[in-house]
Novice: 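Questions regarding the structure given below will be posed in turn.
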2 protein chains.
Amino acid sequence: MNVMNASPRRKELTRLAAQLFVQAGFDRTTVRMLAQEMGIKSGSLFHHFRDKQEILAAVIEEGTENALVIARKALARCDSSASARLHAMARAHLETLLTDRNAHVVALYEWRRLDPEARAHLSHLRDAYEALWEQVIDEALAEGLVHGDRFLVSRFVMGALNWTVRWYDPDGPRTPDELADELVAMITRSASVG
Amino acid sequence: MNVMNASPRRKELTRLAAQLFVQAGFDRTTVRMLAQEMGIKSGSLFHHFRDKQEILAAVIEEGTENALVIARKALARCDSSASARLHAMARAHLETLLTDRNAHVVALYEWRRLDPEARAHLSHLRDAYEALWEQVIDEALAEGLVHGDRFLVSRFVMGALNWTVRWYDPDGPRTPDELADELVAMITRSASVG
DNA sequence: GGGTCAACCAAGCAAGCGCTAGTGCAAATG
DNA sequence: CATTTGCACTAGCGCTTGCTTGGTTGACCC
């Protein structure tokens, strides 16, 4: 068995697994389906992953890590105004959500199927990501760009953004960036009112 | 077999099923688990429901119907200003979401497990509910209470509200009504800016 | 050119799954 | 009274599931 390394083969298999998990759901995706999609036999799967659970964990882990990387890059790239940083985070969030869509849909909908150990490990990753958001929201509150409770605002914003995976059509008229800007506009027009 | 009637017994079973579906997920909830929780044997289950799918459909149907009823009542009760109606919808949404929580969590997370026929039927119910929202948002746009695209605003708002099932703690300091008012405040402070 | 090792395969086990068939029985119905 | 109906039972069929086992292949290494 191949322990927990990150071979290129494993990455490819993880990507394929994410796709199937989205199409059929984790529980209804059988190891035989996974193997067939990967062009191997079901037994061979367990050379790459300890068990089916580990495949799920791998999918979610990679998606969340990508989200973290992209958000940090976006923040490093923009200037330090609260407005710019808020826009950057919203755009980065939708960028990962919609390009790495499969992995994130799995993370959103199959989280409860993780066993306790995997959930604990991945919780830390997710918390690190959410901490970025709360930090940016804090800055926006301090500049008077938005109003309200820091906890509530960040929850509402993330809810609105994550919900997009249920209705957004990449072939439609709107780009993810436009979406992000619209949301930020919706909650920041209040700025000059106080 | 008991066709599709709505006996009180069946309602009670549906409520219990919703609870189990939330705890374990639809696919991992076996008919034996359902039967045990209901105090009968697994075979007897199929006297009340045609198959397992029908139990899922019943759970979601009842939750959505309740949501519709409560939202309509709330709109009928409040005065006709866009602000009042917006608050009423948000409060009604959180009221159903958090009191009928099990059914709505199932609707949100297990929707894809419905077979095509059930999905088609329930889609109409859900569309009727969302139409209420879009109507109220339209009125708010017309009064200049909120700004932006009607489609986007309603999606963002419903996303923010539905996301609450993931983090809201009924034993915490905030009431659902406070939550609803905070969200409405977040998107309407922009009113006097234009 | 023997040894190593990741990658794969064929075959199948034990457990659990949704669901059916056939029956018992008390209350409602004529 | 006889019959129907509603609800529950027991027993188990037929199938799928995640995973294991034991072995083969071919590329690379000293």
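The chains referred to below are lettered A, B, ... by the order of the sequence lines, with proteins before strands, and numbering in each begins at 1. Side chains are part of it too, since the values below use all heavy atoms of this structure and drop only hydrogens, waters and symmetry mates.
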Novice: Among Thr29(A), Leu122(A), Leu114(A), Asp115(A), whose side-chain contact (heavy atoms from CB on, under 4.5 Å) with Leu56(A) holds?
Specialist: Leu114(A)
Novice: Run the side-chain contact (heavy atoms from CB on, under 4.5 Å) test against Ile40(A) and tell me which residues pass, sequence neighbours left out.
Specialist: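 With sequence neighbours excluded, Ile40(A) shows a side-chain contact (heavy atoms from CB on, under 4.5 Å) to Arg9(A), Ala35(A), Met38(A), Ser44(A), given in chain and number order.
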Novice: Could you state the atom-to-atom distance from CZ of Phe46(A) to P of dG23(D) in whole Å?
Specialist: 20 Å
Novice: If I take atom CG in residue Leu45(A) and atom C1' in nucleotide dA7(C), what distance separates them, rounded to the nearest angstrom?
Specialist: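 So the CG-C1' distance, Leu45(A) to dA7(C), works out to 12 Å.
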Novice: From CG of Asp27(A) over to C1' of dT16(D), roughly how many Å is that when rounded to an integer?
Specialist: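 Distance check: Asp27(A) CG to dT16(D) C1' gives 14 Å.
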Novice: Quick one: Leu34(B) CG to dC19(C) P, roughly how many Å, whole number?
Specialist: 11 Å
Novice: When the distance from CZ of Arg50(B) to C1' of dG18(C) is rounded to whole Å, what number comes out?
Specialist: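 Going from Arg50(B) (CZ) to dG18(C) (C1'), I get 15 Å.
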Novice: Leu56(A) has an atom CG; how far is it from atom P of dC19(D), in whole Å?
Specialist: 12 Å
Novice: Under 6.0 Å between ring centres, would you say that holds for Trp167(A) and Phe151(B)?
Specialist: yes
Novice: Rounded off to whole Å, could you give me the CG-to-P distance for the Asp51(B) and dT20(C) pair?
Specialist: 8 Å
Novice: Per the ring-ring contact (aromatic ring centres under 6.0 Å, His included) rule, what does the pair list look like for residues 7-36 of chain B, sequence neighbours excluded?
Specialist: Phe21(B)-Phe26(B)
Novice: Please report whether the ring centroid of Tyr109(B) lies less than 6.0 Å from that of His104(B).
Specialist: no
Novice: Using whole Å, report how far CD of Gln36(A) lies from P of dT17(D).
Specialist: 12 Å
Novice: Nearest to the side chain of Lys52(B), heavy atoms from C-beta on, is which of dT17(D), dC19(C), dC19(D)?
Specialist: dC19(C)
Novice: Mark yes or no: Arg166(A) above the aromatic ring of Trp111(B), with NZ or CZ under 6.0 Å from the six-membered ring centre and no more than 45 degrees from the axis.
Specialist: no
Novice: Determine, for nucleotides 8-13 of chain D in 5'-to-3' order, which nucleotides have protein heavy atoms under 4.0 Å from the base (write B), from only the sugar-phosphate (write S), or from neither (write -).
Specialist: SBB-B-
